[in-house]
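Each remark here refers to the structure printed beneath this line.
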Amino acid sequence: MATKTELGPIARERKYAQDKQVDKGLIPRKVPIVCSTRFGIAIILHFCNFIMMAQNVIMSITMVAMVNSTSPQSQLNGSPEGLPVDSFGGLNKSPKSLPAKAPVYDWGPQIQGIIFGAISYGAIPTMALSGYLAGRVGTKRVVGISLFANSFLILCMPPAADFGVAFLIAIRIVQGVSQGSIFGGQFAIWGKWGLPHEQNRLYSIALSGIFLGGFTAILISGLIIDTLGWPFVFYVFGGVGCVCCLIWFVMIYDDPVSHPWISASEKEYIIYSLKQQVRSSKQPLPIKAMLRSLPIWSICLCSFSHQWLIHTLTIYTPTYISSVYHVNIRDNGLLSALPFIVAYFMGMVGGYLADFLLTKNFRLITVRKLATVLGNLPSSVLIVSLPYLSSSYITATAFLTLSCGLSTLCQSGIYVNALDIAPRHSSFLMGASRGFSGMAPVIVPTVSGFLLTQDPEFGWKNVFFLLFVINLAGVIFYLIFGEADVQDWAKERKLTRL
């Protein structure tokens, strides 16, 4: 017959001390982020986003050389839509000398606008779907296949243009599907690699490749067009993308357990740090609860208002500098590229700053809202003040550059907030919020172009004031309803067997 033996006070204290020592022994040694495998994952994602953004913007740059600048219909500055041909490099002027074999097309401003916007129509519906799919089958497959498809389609752009504008637009829509899958599918990987106190840094390092890709594409594409012709811009960046795919499939793994080269100490450290965060991929999405969740709507609406700011900057900066200050196209291109490199460094600094504040016992929601406010309000205030600085283009350029740089602080705010409120469904929610905010690049050119043509005298003031109002509304909504606690509908429900 079993008997129950009670320990005395001294024996109980001794047993408690022994158990505590055992628990301490189970805690793995901390592995610094620098030179770690998870840091390498962020660097590879950095270059993946670099390629994705470069492949995205080269159409805006090559369009300057692709259209017939002598055709009246190809001049965009006086078009009813008010859309710039080159979203980054400036006026719609072809280079003085182009290789003889580079074809030129008679595409008017409306056709060019459709070509530019076609990629958004493909990307918007796929971001949420790719995020959900990556949570099921893994980021490695979703992003890797999408990156290869996107690179292959980039190689097909020159022959597609020769086949006809309808064929080119169709290719651009399919390219949007692949680019949306790259962007929406990459977030799932941080659910298994990103430690809670490192997620801001890793996420910022990965996404900063977007800004470096835009900056590099602007500088290199002009040189390639002048020496080899615009088709080689697509061939170069498409080929680089294919090489990046090989590196991706060799180096990327969806979790530390399946990674063959990770050290045992880092594997144990990541698994131990994430063991409290349950992310089951076998449970259905609580769609109804998500649609009723004000914290999710605050993320979506604030992301939309922030993307309105970003795309107003990227689309209209060259046109504003040229039309107001009459800067030549070469200097305009350099001035338009400058904000990208500033944003590149500011994005990474913002990630380190957010993690630093968390180590100083700042509340998570405080860090998220602080990063969101700093990434929105100062930028929109700087932009809305531009029409009152018409006497100095140097000051205006400084304001535009600082505005673009500060805007990247949102990477540690609204764009990672889904990891806090619903870690199990974060990949789907991050893709869905990005898809919702992806409506901004479709709406911005139409609305802003209408304002510029309806009121030539106060057009820029109206465009920038509308940006400020939308941006302010999004920030206020997020400040009121934004949260950082795991929502009830996102918590794991377990059955305990006695």
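Computed from a predicted structure; not experimentally measured.
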Donor-acceptor contact present, side-chain Arg368 to main-chain Ser412, <3.5 Å: yes
When you compare the side chain of Leu467 with that of Trp308, does any pair of heavy atoms fall below 4.5 Å? yes
Spatial distance of atom OG (Ser298) from atom CG (Leu479) [nearest 0.5 Å]: 9.5 Å
Provide the closest heavy-atom pair for Ser380 versus Asn471 in the form atom of the first, atom of the second, distance. OG-OD1, 3.5 Å
Given 3.5 Å as the limit, does a donor-acceptor pair link the side chain of Glu483 with the main chain of Ile421, or not? no
Between Phe152 and Cys242, is there a side-chain heavy-atom distance shorter than 4.5 Å? no
Would you check if Ile287 and Phe428 make a side-chain contact, meaning some heavy-atom pair closer than 4.5 Å? yes
Side-chain (Ser293) to main-chain (Met290) donor-acceptor, under 3.5 angstrom: no
Could you give the distance from CD1 (Ile115) to CD1 (Ile173), rounded to the nearest 0.5 Å? 11.0 Å
Does the ring center of Phe477 lie less than 6.0 Å from the ring center of Phe481? yes
Could you check whether any side-chain heavy atom of Ile252 comes within less than 4.5 Å of a side-chain heavy atom of Ile189, counting everything from C-beta outward? yes
For Tyr203 and Phe187, I'd like to know if the aromatic rings sit close, meaning centre-to-centre distance below 6.0 Å. yes
Scan residues 140-150 for pairs that pass side-chain hydrogen bond (donor to acceptor under 3.5 Å, both in side chains), counting only residues two or more places apart or in two chains. Gln55-Asn150, Asn150-Ser178
Backbone N or O of Leu147 within a donor-acceptor pair of the Ser151 side chain at under 3.5 Å? yes
Ring centers of Tyr132, His425 separated by less than 6.0 Å: no
From OG (Ser130) to CD1 (Ile145), nearest 0.5 Å: 12.5 Å
Could you tell me which non-hydrogen atom of Ser221 sits nearest to which non-hydrogen atom of Phe237, and how far apart they are? OG-CE1, 3.8 Å
Please test Leu353 against Met348 for side chain to side chain contact (heavy atoms under 4.5 Å, CB included), starting from the C-alpha separation and ending with a verdict. CA-CA 9 Å; Leu353 178 61; Met348 289 189 289; over 6 Å; no
Hey, are the side chains of Thr312 and Ile383 touching, using non-hydrogen atoms and a 4.5 Å cut-off? no
What pairs meet the side-chain hydrogen bond (donor to acceptor under 3.5 Å, both in side chains) rule with one or both residues in residues 152-171, with sequence neighbours excluded? Tyr105-Asp162
Within the distance-only criterion (no hydrogens, no angle test), does the side chain of Thr408 pair as donor or acceptor with the backbone N or O of Cys404 below 3.5 angstrom? no
Heavy-atom closest pair, residues Trp107 and Val165: NE1-CB, 4.0 Å
Which pair of heavy atoms, one from Thr372 and one from Gly413, lies closest together, and at what distance? OG1-CA, 3.5 Å
Quick one: CZ on Phe468 to CG on Leu472, what's the gap to the nearest 0.5 Å? 5.0 Å
Considering all heavy atoms, the nearest Asn56-Arg172 contact: O-NH1, 4.3 Å
In this structure, CG of Leu45 is separated from CD1 of Ile205 (nearest 0.5 Å) by 11.0 Å
Flag, side chain of His306 to backbone of Ser407, donor-acceptor distance under 3.5 Å: yes
Any ion pair linking Asp254 and Lys192 (charged N to carboxylate O, less than 4.0 Å)? no
Before you tell me yes or no, could you show the steps for Leu386 and Leu400 under side chain to side chain contact (heavy atoms under 4.5 Å, CB included), namely the whole-Å CA-CA distance, both residues' side-chain angles and the distance that decides it to 0.1 Å? CA-CA 8 Å; Leu386 285 176; Leu400 287 167; 3.4 Å; yes
Heavy atoms only: give me the nearest Val240-Ile51 pair and the separation to one decimal. CG1-CD1, 3.3 Å
Quick one, Tyr478 with Leu301, criterion side chain to side chain contact (heavy atoms under 4.5 Å, CB included). Give me CA distance, side-chain angles, the key distance, then yes/no. CA-CA 8 Å; Tyr478 180 74; Leu301 292 175; over 6 Å; no
Would you say that Met430 contacts Asn417 through its side chain, given a criterion of any heavy-atom pair below 4.5 Å between the two side chains? no
Side chains of His46 and Ser208: any donor to acceptor distance under 3.5 Å? yes
Are any of the side-chain heavy atoms of Arg201 and Phe39 separated by less than 4.5 Å? no
Take Thr37 and His259, measure what side chain to side chain contact (heavy atoms under 4.5 Å, CB included) needs, and give me the verdict at the end. CA-CA 9 Å; Thr37 304; His259 201 291; 3.6 Å; yes
Looking at Phe163, I want to see if its CZ is surrounded by more than 12 non-hydrogen atoms of other residues, nucleotides or ligands under 6.0 Å. no
Trp297 side chain to Leu291 main-chain N or O, any donor-acceptor pair under 3.5 Å? yes
Aromatic ring pairing Tyr235/Phe232, orientation class (parallel under 30°, perpendicular over 60°, tilted between): perpendicular
Are the side chain of Ser437 and the backbone N or O of Phe304 linked by a donor-acceptor pair below 3.5 Å? no
Atom CG of Leu382 and atom CG of Leu309: how far apart are they, to the nearest 0.5 Å? 10.0 Å
Val143 side chain near Cys48 side chain, heavy-atom distance below 4.5 Å: yes
I'd like to know if the side chain of Gln186 pairs up with that of Asn49 as donor and acceptor (distance under 3.5 Å, no hydrogens or angles considered). yes
Kindly confirm or rule out a cation-pi arrangement of Arg434 over Tyr415, judged by NZ or CZ under 6.0 Å from the six-membered ring centre and within 45° of its axis? yes
